[in-house]
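From a predicted model like this one, the values you see are computed outputs, not experimental measurements. Ligands are counted one by one from 1 in listed order, and the atoms in each one are counted from 1 as well.
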Amino acid sequence: MATELVELILEKVDKFGKINSLNLANEIKEDHQKIIGAIKSLQTLDDVIYVEQISEKKWEPTAEGQHVIEHGSHEAAVYNAIPNDKTGISQADIMKSVAYAKVGFSKALAAGWIKIDKTSGQPIVTKNKASIEDTTQADLNNINQLDDKIKANYKKRKLVQEIVIKSFDIKKGNNFTLKIEKQEADLTSDLMINDAWKDKKFKAYNFNALGAALDVGHLHPLLKVRSEFRKIFLEMGFTEMPTNNFVESSFWNFDALFQPQQHPARDAHDTFFISDPKITKKLPQDYLEKVKQVHSKGGYGSQGYCYDWKIQEAQKNLLRTHTTAVSARMLYNLMQQGQFKPVKYFSIDRVFRNETLDATHLAEFQQVEGVIADYNLTLGDLIGTLYQFFKKLGIDKLEFKPAYNPYTEPSMEIFCYHEGLEKWIEIGNSGVFRPEMLLPMGLPPNVNVIAWGLSLERPTMIKYKLNNIRDLVGPKVDLQMVYNNPICRLEKMENSTQINKLINNNNSNNNRGLPITFKCRGKINKEQLVIFCDPKYPIKWLGSLLEKAKKLFTLSMSIHLHSTVKNVSNELVNYYAHNNDDDDDDDDPVVKIHFIWKNNIGIDPVMNLNSFDCIFGAVNIARYFNRLIESVDPLVLVYESMGTIYSCEINKIIDKIHSYLHSGKTIKEISCLFGKKTNVPLLDRPSIIDIILESS
Ligand code: PHE
């Protein structure tokens, strides 16, 4: 503790009986925070001082208000810019030469200070009064004396703002003393010898202090980025594909994808073949015949490749070279269930290629794959989806280059502009699956499938600024790097240069994986959210979640019935009634929600953020509001501000709730499954999970 400051405070309290921290700061020209620090350290002593927090509201000019104080009001500035004679000045000249001319012009016109003449074509402005009195400037010089209505008016004009000043009043406590004795923090063996401890004073325990960091495991950067990608897919309504088979047959890896048997990628130079068991015979016969047909003879309007297709080649086992093999299996399985229904699938898992190893290539990598099958999809849908997907990663500059894949037509390589590297880089590959692949599986002819793939390593290396893949994967990985790197919140990055700076700072103070995003967030942006929800599956916890949010930012919700909802029950209209108040606060709400009951949406409600972006599923909507709440006050409903391990634990439970809901369980049943404790480790504090489970 800064002893001098502490002693000074005690002296002053002794002399005056009561002092105020802010007054003291002004008097001795010291930083108020430092004085508060000294007060806090005095408070740790037993009843030496008595402290009371004072908050005082005060009006202050905004930056624009300060301009008015210094240069006169905007309307006066416009008035003064007009020459005194009858010739006047053109309106355009005023707009150019006067600051805040637009506002000033309309105010001066409304006050009758100026006149405008449009008869000559070019609007000419002249003075309408010989002199004026600038009350606005005078008022702003005197804000705190003004009447409330006038202040409110200036607040609306954004010339003044109300601020709260917090300070402390300090008085003597029961054990007041002028001499502070150093207190012992530890009972050491030295103190025990000769009973020295008997004459010492000991510091009281501080049960609110943060404990030492736990020695726990840490997520590898690839896992951090993986969980972020996974969340993005889930928020977009995708379902995860089972990818737990590294060994695949050539049939599913290549043939099913209309990749001819002589294709160079099917060579041992590019693919790892398995020697034991060398082949598989478990292939669906009917379908295999159709694939053979389309390769060797064509069909479905295609001439095929016209070659002698061999079953022996298709039976060869290999380490899958892409997860598109899994997509092929999934689309085939979908049609085996009898009828087509639109689907969105994703996976993130390992694939293997016999590559020449270098700084950025290993013989294996993690592939991120997204697939959408629906009626009449076009290249436009693919491009739109890619924009939406990459937007969520914080990437909004994309370019596409025509490419070739045996299984897609058209095909596009995806490039993005990397703000940090200041250049365009390739990040993925995509396309529309060919009819030669889909029709043999039995997909209806008017169904199209769009898909894309990228590696997980590339964005991870960019994000964590690693140049060599061996620093990310393998025996040379620096565990300290794993330990230091923060949680990955790609979609909130404002720009990568700023983030890279943050990452570097974080590394140096060894921050154990705290999130980087809260530092670059501040106030939340104005948002309009539209939620479509099926009356059969109401979002039970929305009400209590919004209650929390309302305490932090202004929020309004209007509830509507879509024309598909015929029998209007009062219950539906009033479902979230307590959040549906139109308070006549003249502040615009920061978050405006339009809640629409609509039939046949299904189990996952949809929330539109803007014309591009939407979030599917009640738990993902809850996640979104949790982030909003956390960005204003991280302590209200902790989620990502506690660091990677905590947020991953919460995510795990949220994901479980999501899949329980999909398997038809009610919140009540899910609550019972979890029991009283949801077991979020590390913190005994309510989280979004409690809000969800308590809504039963
Ligand atoms: N399978 C492709 C690859 O390995 C990625 C991709 C997936 C391309 C889906 C188009 C469609 O690079």
Side-chain angles (χ1 to χ4, degrees), residues 229 232-233 236 238-241 243 245-246 248-260 263-267 269-272 318-332 334 343-355 360-374 377-390 398-416 425-438 441 443 447-460:
F229 271 102
I232 290 173
F233 276 119
M236 289 173 71
F238 282 69
T239 319
E240 194 159 14
M241 300 191 271
T243 46
N245 59 312
F246 293 167
E248 187 53 277
S249 62
S250 293
F251 179 76
W252 287 111
N253 196 81
F254 293 126
D255 297 280
L257 292 166
F258 198 53
Q259 187 142 338
H263 193 283
R266 300 181 68 150
D267 192 286
H269 293 298
D270 287 309
T271 299
F272 292 113
L318 44 74
L319 290 178
R320 68 170 174 228
T321 63
H322 51 187
T323 42
T324 317
V326 184
S327 305
R329 276 179 182 271
M330 291 297 285
L331 291 170
Y332 170 78
L334 176 68
V343 290
K344 295 187 193 177
Y345 293 137
F346 81 95
S347 67
I348 310 170
D349 209 346
R350 198 177 298 210
V351 300
F352 307 85
R353 291 182 193 175
N354 195 354
E355 302 251 15
T360 53
H361 293 87
L362 293 179
E364 58 177 77
F365 65 95
Q366 310 280 328
Q367 190 162 53
V368 180
E369 173 133 344
V371 185
I372 305 178
D374 205 341
L377 291 178
T378 64
L379 189 67
D381 292 292
L382 176 60
I383 292 175
T385 308
L386 290 173
Y387 267 108
Q388 187 189 355
F389 176 77
F390 284 101
L398 292 182
E399 296 251 299
F400 302 103
K401 181 173 144 189
Y404 172 77
N405 296 310
Y407 38 92
T408 52
E409 181 59 35
S411 314
M412 307 186 300
E413 276 168 7
I414 311 161
F415 288 76
C416 76
I425 56 169
E426 191 195 331
I427 40 168
N429 184 0
S430 66
V432 183
F433 282 141
R434 294 187 77 107
E436 290 96 326
M437 165 184 166
L438 300 179
M441 294 174 172
L443 276 108
V447 164
N448 289 326
V449 182
I450 57 179
W452 67 100
L454 53 139
S455 88
L456 186 64
E457 283 78 354
R458 181 132 213 192
T460 309

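With respect to atom 7 (C) of ligand 1, the closest heavy atom belonging to the protein is T324 OG1, 3.6 Å. Nearest protein neighbour of atom 2 (C) of ligand 1, counting heavy atoms only, is Y407 OH, 3.1 Å. At the top of the distance list for atom 3 (C) of ligand 1, counting protein heavy atoms only, stands Q367 NE2, 3.4 Å. Of the protein's non-hydrogen atoms, A451 CB, 3.5 Å is the one closest to atom 9 (C) of ligand 1.
Residue R353 has at least one heavy-atom neighbour below 4.0 Å for each of these atoms of ligand 1: 3 (C), 4 (O), 12 (O). For ligand 1, the atoms lying closer than 4.0 Å to a non-hydrogen atom of N405 are 8 (C), 10 (C). Atoms of ligand 1 lying under 4.0 Å from at least one heavy atom of H322, given by number and element, are 1 (N), 4 (O).
To the nearest 0.5 angstrom, D255 atom CG is 7.0 Å from S250 atom OG.
The aromatic rings of F400 and Y387 sit perpendicular, their planes meeting at an angle over 60°, well past the 30° parallel limit. Classification of the H322-F254 ring pair by plane angle, with boundaries at 30° and 60°, yields tilted. Note on ring orientation: taking the six-membered ring where Trp is involved, the planes of F346 and F233 are parallel (angle under 30°, cut-offs 30° and 60°).
By the criterion of a heavy-atom distance under 4.0 Å, the backbone of S430, and not its side chain, is placed next to ligand 1.
Between E426 and I414 there is no side-chain heavy-atom pair separated by less than 4.5 Å. In this structure, the side chains of I348 and L456 come closer than 4.5 Å at one or more pairs of heavy atoms.
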